[in-house]
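Following: one structure in structure tokens, then a few remarks.
Letters A, B, ... are given to chains in the order of the sequence lines, protein chains preceding strands, and every chain is numbered from 1. What you see below is based on every heavy atom in this structure, not just the backbone, and it leaves out hydrogens, waters and symmetry mates.
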2 protein chains.
Amino acid sequence: MSDDNFDLAQFLPYLLNQAAEASSLEFQQIYKDRYGMLRTEWRVLFHLGLYGRMTASEIGARANMHKTKISRAVQKLTERRFVTRARDDADRRVEHLALTVQGQAAYADLHQVARRYDGDLTADLSSTERAALKKMLLKLSVKRPAGFT
Amino acid sequence: MSDDNFDLAQFLPYLLNQAAEASSLEFQQIYKDRYGMLRTEWRVLFHLGLYGRMTASEIGARANMHKTKISRAVQKLTERRFVTRARDDADRRVEHLALTVQGQAAYADLHQVARRYDGDLTADLSSTERAALKKMLLKLSVKRPAGFT
DNA sequence: TTGTAATAGTTGTTTTTGTAACTAACAAGC
DNA sequence: GCTTGTTAGTTACAAAAACAACTATTACAA
């Protein structure tokens, strides 16, 4: 039935999904086991850990996450005392989010895990390959193939 | 708050997820618009289109999809007359799945789209880069970083 | 001002997924 | 034959995601 050289394992979106899923699996297990976190929650935690105080919208813009996802993630994180919310005085619609001490500890822990994990994943790549891979992925994260119909 | 060279945009699982999501978006829109398909359904369709008659388990093994996902996808696809099921005579637990004429038409259509789409996505890569990228992704799709705790 | 639109974030409802329990068929040992 | 275990696939229920509608606040223009 296969008539030409096309293969699912050559189709970039499929490949990317497979690789993303496989490579996230164990790390996901870790933050779930240790802190009962969901993917969205882990992401918010890391954004705050890496970039400091941010608003929900800013996180959403950076992470390409819908605001409802973030809203619920923040809710969980505040319940668990990982994150604090503070209303902006000038514009009372916006909330500034920041990690608590507990949140920072969790972040520091997972941060370390992530570093090691990433190292493991790319262990058999040369540093040139590694850089090239990440550069290409970064490009693909932004790019939308123009005017496709 | 960021203390070293680690960045989310350098963390492979995150990067892969972002790239996978971004690169799937438009294609997803197409199979959804044209055939009302979900990701799982599209995958099953492609497996049958590419590799011919298969059982649900075989698809699951190849695509790394849980059997319930496949079961539901197959149900939808048979309702829409894209797929037929045939019990195996020797082992009546097993069902052989195959595309109907309609299913083949849909597959042929989406197959073409996928080819063009993939080409567009990788348009600004040299063929060497493209091959390297896909090779690395394929590796990552299989690999589980050994014994991580 | 005041009316309209825009923005930040939340809540409610529907889809989709994940997980576990289930049925049916086969296999292998006794 | 019967038990016990395994495999193929389905179904039921719980968790998570997607989507739309909502509140509250600000912006801005007539």
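For the pair D91(A) CG and dA27(D) P, the computed distance is 6 Å after rounding to whole Å. Rounded to whole Å, atom P of dA18(D) lies 11 Å from atom NZ of K32(B). Atoms CD (E41(B)) and P (dT16(C)) sit 8 Å apart, rounded to a whole Å. Between E95(A) atom CD and dT7(C) atom P the separation is 19 Å, expressed in whole Å. Between the CD atom of Q28(A) and the P atom of dT17(C) there is a distance of 15 Å, given to the nearest Å. In this structure, Q75(A) places its CD atom 14 Å from C1' of dA16(D), rounding to the nearest Å. For K69(A) and dA16(D), the NZ to C1' distance is 9 Å, given to the nearest whole Å. Atom CH2 of W42(A) and atom C1' of dA16(D) are 17 Å apart (whole Å).
With F46(A) as the partner, the ring pair (Phe, Tyr, Trp, His ring centres under 6.0 Å) test is satisfied by one option alone out of Y31(A), F82(A), Y107(A), Y51(A): Y107(A).
Contact annotation for L38(B): backbone-only contact, meaning every heavy-atom pair under 4.0 Å involves sugar-phosphate atoms and none involves a base. Among the heavy atoms of the strands, none lies under 4.0 Å from A61(B). Across all strands, T55(A) comes closer than 4.0 Å only to sugar-phosphate atoms, never to a base (heavy-atom distances). If you check every strand for non-hydrogen atoms under 4.0 Å, A73(B) touches nothing.
Taking only side-chain atoms of T68(A), from C-beta outward, the nucleotide of dT17(C), dC19(D), dA8(D) with the closest atom is dC19(D). The nucleotide whose nearest atom lies closest to any side-chain atom of K67(B) is, among dA8(C), dA8(D), dG9(D), dG9(D).
Between S71(B) and dT10(D) there is a side-chain N or O to OP1 or OP2 distance below 4.0 Å. At least one side-chain nitrogen or oxygen of R85(A) sits closer than 4.0 Å to the OP1 or OP2 atom of dT10(C). Put simply, R72(B) has no side-chain N or O that comes within less than 4.0 Å of OP1 or OP2 on dA12(D). Within the structure, a side-chain polar atom (N or O) of S57(A) is placed less than 4.0 Å from OP1 or OP2 of dG9(C).
Judged by distance alone, with hydrogens and angles left aside, R87(B) brings no side-chain donor or acceptor close enough to the base of dG9(D) to form a pair under 3.5 Å. Residue side chain R39(A) does not reach the base of dG18(C) through any donor-acceptor N/O pair under 3.5 Å, judged by distance alone. Put simply, the side chain of R92(A) and the base of dT25(D) share no donor and acceptor less than 3.5 Å apart.
Annotation: side chain of L97(B) is not in contact with side chain of M54(B) (no heavy-atom distance under 4.5 Å). A 4.5 Å side-chain heavy-atom check between Q10(A) and L15(A) finds every atom pair outside the cut-off.
A salt bridge links E41(B) with R80(B): the closest approach of a Lys/Arg side-chain nitrogen to an acidic carboxylate oxygen falls below 4.0 angstrom. Classification of D118(B) and K134(B) as a salt-bridged pair holds, one side-chain N sitting under 4.0 Å from a carboxylate O.
In summary, the aromatic rings of F27(A) and W42(A) are positioned with their centroids under 6.0 Å apart.
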